[in-house]
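Every number for a ligand or one of its atoms is a count from 1 in the order of the listing.
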Amino acid sequence: MRLSRSFLPTLKENPAEAQIVSHRLMLRAGLIRQTASGIYAWLPAGLKVLRNISQIVREEQDRVDAQEVLMPTLQSADLWRRSGRYDAYGPEMLRIQDRHKRELLYGPTNEEMVTDLFGQSVKSYKDLPQVLYHIQWKFRDEMRPRFGVMRGREFLMKDAYSFDVDYASAVATYRRMMLAYLRTFQRLGVRAVPMRADTGPIGGELSHEFLILAPTGESGVFYDAALEDQDWLDEPVDTSSPEALEAFFNRVTTPYAATDEMHDTAAWDAVPDAQKREGRGVEVGHIFYFGTKYTESMGVSVSGADGAQFFPEMGSYGIGVSRLAGAIIEACHDENGIIWPDSVAPFRAAILNLKSGDALCDEVCEQIYAKAPEAFLYDDRSERAGVKFADADLMGHPWQIVVGPRSAKEGRVELKRRATGERQELSVDEALALVLAG
Ligand code: 5CA
């Protein structure tokens with residue numbers, strides 16, 4: 001994208017309404033704009049981030065055999081009356097009437113709808129297990145929307161729902177999903193620690209939250225450092241084996257980890273001091289096992305091997321996709337701006353033309369840009385070099401390719417790595433190879 005022609009409205013000043021760093025940087029870097037309280041429009045660079053996050057989430061869901069669907073945002077109130085949650089959900093639910101005075105709602109979550117969809121088509125134990133997910137907008141009329149996309153009213157969630165024949169199989173599905181989550185967050189360039197959690201209005205008996213450490217997080221967190229350095233991407237867990245899944249689950253859940261709500265001081269005292277990590281965390285995912293709560297209340301049963309009807313066991317698994325854009329910034333920034341992990345950055349590199357209008361500089365920049373126009377943000381504006389450097393730092397591209405008249409004469413450019421500040425002079429081809437690798 002050429003910066004001179006793009007809709008990338010950066011701000012020099014800190015917007016007064018933004019209290020936390022990710023909100024400030026998302027507004028200043030031109031990623032989002034608020035359109036109503038707790039409701040945001042995603043501008044071109046922000047949308048690229050949201051898509052990159054969604055794609056990684058999708059690939060890791062697919063890897064554990066979850067199947068993508070797309071359910072609507074609007075749901076019928078009758079569906080929620082069947083589970084008994086229509087009245088129980090309270091004022092967080094946005095309730096709507098259509099022209100025929102039929103009651104609808106803007107979905108805050110999809111347990112009811114997916115259970116109904118499943119019940120319409122699946123009649124036999126032979127068709128289990130099933131895991132369905134979608135990446136869809138939700139609405140929760142939060143009492144205090146704040147911190148930008150971190151606690152919005154309309155927000156993008158990946159929500160998955162599983163149906164299994166029995167407890168053992170449901171627990172295996174839950175553990176598989178836990179592995180998918182650890183891989184997802186690792187690929188997103190952040191470390192999210194799973195912690196035992198309260199189940200809240202979703203209900204159920206087994207639940208874990210995934211928290212990214214950030215000083216502005218809403219929960220206090222306590223955990224054992226043993227949870228910090230595990231690499232889950234290449235971990236050979238045989239996800240078809242319940243025993244392998246159990247061993248994996250025990251490894252992840254044995255070291256101490258809890259939010260302040262679930263904190264157990266006696267267990268914490270037993271963790272060696274050198275291993276103790278304490279801070280604040282942002283919840284970016286939450287998984288639940290709740291057995292037959294919805295299949296039973298909604299009357300959705302299938303026939304078993306013995307011919308008798310039974311209620312499938314369910315779980316649900318959420319990731320805050322739009323919240324993650326903010327949470328990643330909370331974890332990855334410095335005083336100059338965002339430092340995007342390579343996997344989610346809207347552009348791999350900025351091309352900074354230090355002398356726009358100079359025939360040679362323009363030619364070198366155009367030559368680089370033509371190699372991969374979608375990967376680069378080409379700063380072709382006739383601005384001062386200082387402005388271009390500051391904007392590139394603010395927007396947080398993993399690399400900056402700096403093209404100035406002196407080095408351009410020798411066919412060379414300066415390559416800066418945003419995360420470390422490290423600079424090196426390279427030929428155009430060497431720089432391209434580094435930037436476009438992986
Ligand atoms: N049905 C279950 C799992 S699919 C569910 O709704 N779980 S949840 O309530 O925990 O939400 C899942 C994730 O959505 C949370 O972990 C959080 O990352 C994100 N989320 C929840 N509320 C908001 C909000 N107001 N703004 C942004 N993200 C949110």
Side-chain angles (χ1 to χ4, degrees), residues 20 22-23 26 32 34 37-40 42 50 53-54 57 61 66 68-69 71 73 75 80 83 85 89-94 106-115 131-163 173-174 177-178 180-181 184-185 188 190 192-204 206-212 214 217-219 259 261 281-290 293-294 314-331:
I20 62 168
S22 60
H23 190 194
M26 289 185 85
I32 54 165
Q34 181 172 297
S37 168
I39 303 180
Y40 292 85
W42 293 77
L50 206 55
I53 297 172
S54 302
V57 168
Q61 290 294 291
E68 188 169 10
V69 294
M71 293 179 268
T73 53
Q75 307 189 20
W80 285 65
S83 72
R85 273 209 299 182
Y89 214 91
E92 261 194 22
M93 181 186 276
L94 181 64
Y106 192 139
T109 176
N110 282 63
E111 279 82 3
E112 283 77 358
M113 186 179 277
V114 79
T115 304
V131 185
L132 302 176
Y133 76 97
H134 70 165
I135 299 176
Q136 178 61 293
W137 295 94
K138 304 288 183 290
F139 194 94
R140 293 182 187 172
D141 205 350
E142 300 275 350
M143 179 72 112
R144 284 184 61 211
R146 62 200 157 127
F147 301 157
V149 299
M150 300 271 272
R151 184 165 295 281
R153 293 198 299 164
E154 191 187 46
F155 58 95
L156 190 60
M157 192 199 286
K158 183 287 296 180
D159 38 327
Y161 304 88
S162 62
F163 300 86
T173 299
Y174 183 93
M177 205 44 100
M178 182 175 256
Y181 273 41
T184 302
F185 296 123
L188 292 171
V190 287
V193 180
M195 305 197 177
R196 262 314 272 269
D198 210 12
T199 55
I202 308 292
L206 178 59
S207 172
H208 286 86
E209 298 177 337
F210 292 75
L211 290 107
I212 291 183
E218 292 190 273
S219 319
T259 59
E261 282 170 351
V282 178
E283 182 203 313
V284 289
H286 202 157
I287 60 178
F288 304 83
Y289 159 74
F290 43 71
K293 177 175 153 114
Y294 294 93
M314 287 181 68
S316 74
Y317 315 87
I319 290 184
V321 174
S322 51
R323 173 178 289 184
L324 265 164
I328 291 169
I329 296 174
E330 287 293 324

In terms of relative ring orientation, are Phe210 and Tyr181 parallel, tilted or perpendicular, with 30° and 60° separating the classes? tilted
Glu154 side chain to Tyr106 side chain, donor-acceptor N/O pair below 3.5 angstrom: yes
Taking atom 6 (O) of ligand 1 as the point of reference, which of Met150, His134, Arg140 owns the nearest heavy atom? Arg140
Is Ser322 near ligand 1, meaning one of its heavy atoms is under 4.0 Å from it? no
Give a yes or no on whether the backbone of Arg151 and the side-chain of Glu142 come within a donor-acceptor separation of less than 3.5 Å. no
Can you figure out which of Phe210, Phe290, Phe155, Phe288 has its heavy atom closest to atom 22 (N) of ligand 1? Phe155
Heavy-atom pairs closer than 4.0 Å: do any link ligand 1 to the side chain of Arg323, the backbone, both, or neither? side chain
Using a heavy-atom cut-off of under 4.0 Å, does the side chain or the backbone of Arg153 touch ligand 1, or both, or neither? neither
Measuring from the heavy atoms of Asn110, does anything fall under 4.0 Å of ligand 1? no
With heavy-atom distances below 4.0 Å as the criterion, list the atoms of ligand 1 near Glu111. 1 (N), 2 (C)
Using only heavy-atom distances, determine whether the side chains of Glu111 and Thr109 contain a donor-acceptor pair under 3.5 Å. yes
Nitrogen or oxygen of Lys158 less than 3.5 angstrom from that of ligand 1: no
Is there a donor-acceptor pair under 3.5 Å between the side chain of Lys158 and the backbone N or O of Tyr317? yes
Proximity winner for atom 2 (C) of ligand 1, if only heavy atoms of Ala160, Gly285, Ala197, Ser316 are counted: Ser316
Side chain, backbone, both or neither: the part of Thr109 lying under 4.0 Å from ligand 1 by heavy atom: side chain
Decide yes or no on salt bridge (charged side-chain N to carboxylate O under 4.0 Å, His left out) for Glu330 and Arg323, but give the supporting numbers first. CA-CA 11 Å; Glu330 287 293 324; Arg323 173 178 289 184; over 6 Å; no
Considering only heavy atoms of Glu283, which atoms of ligand 1 have at least one such atom less than 4.0 Å away? 10 (O), 15 (C), 16 (O), 17 (C), 18 (O)
Report the distance from atom OH of Tyr40 to atom CD1 of Ile32, rounding to the nearest 0.5 Å. 5.5 Å
So, do Ile329 and Met26 sit near enough that their side-chain heavy atoms are less than 4.5 Å apart? yes
Taking 4.0 angstrom as the limit and counting only heavy atoms of Val284, give me the atoms of ligand 1 inside it, by number and element. 16 (O), 18 (O)
Applying side-chain contact (heavy atoms from CB on, under 4.5 Å) to Leu211 and Met195, what does each step give before you reach the verdict? CA-CA 8 Å; Leu211 290 107; Met195 305 197 177; 3.8 Å; yes
Which part of Glu209 is near ligand 1, with near meaning a heavy atom under 4.0 Å away: side chain, backbone, both or neither? neither
Distance under 4.0 Å to a non-hydrogen atom of Val149: what atoms of ligand 1 satisfy this? 27 (C)
Could you tell me whether some N/O pair between Asp159 and ligand 1 is separated by less than 3.5 angstrom? no
Considering only heavy atoms, does Met157 approach ligand 1 within less than 4.0 Å through its side chain, its backbone, both, or neither? side chain
Kindly confirm or rule out an N or O of Tyr317 lying under 3.5 angstrom from an N or O of ligand 1. no
Taking N or O atoms only and a 3.5 Å limit, does Gly152 qualify as a polar contact for ligand 1? yes
Could you tell me whether Tyr89 and Trp80 have their ring centroids closer than 6.0 angstrom? yes
Sub-4.0 Å heavy-atom approach of Lys138 to ligand 1: no
Is any side-chain heavy atom of Val114 less than 4.5 Å from a side-chain heavy atom of Tyr294? no
Considering only heavy atoms of His286, which atoms of ligand 1 have at least one such atom less than 4.0 Å away? 10 (O), 16 (O)
Apply the side-chain contact (heavy atoms from CB on, under 4.5 Å) test between Phe185 and each candidate in Val57, Val193, Ile328, Leu324; give the one that qualifies. Leu324
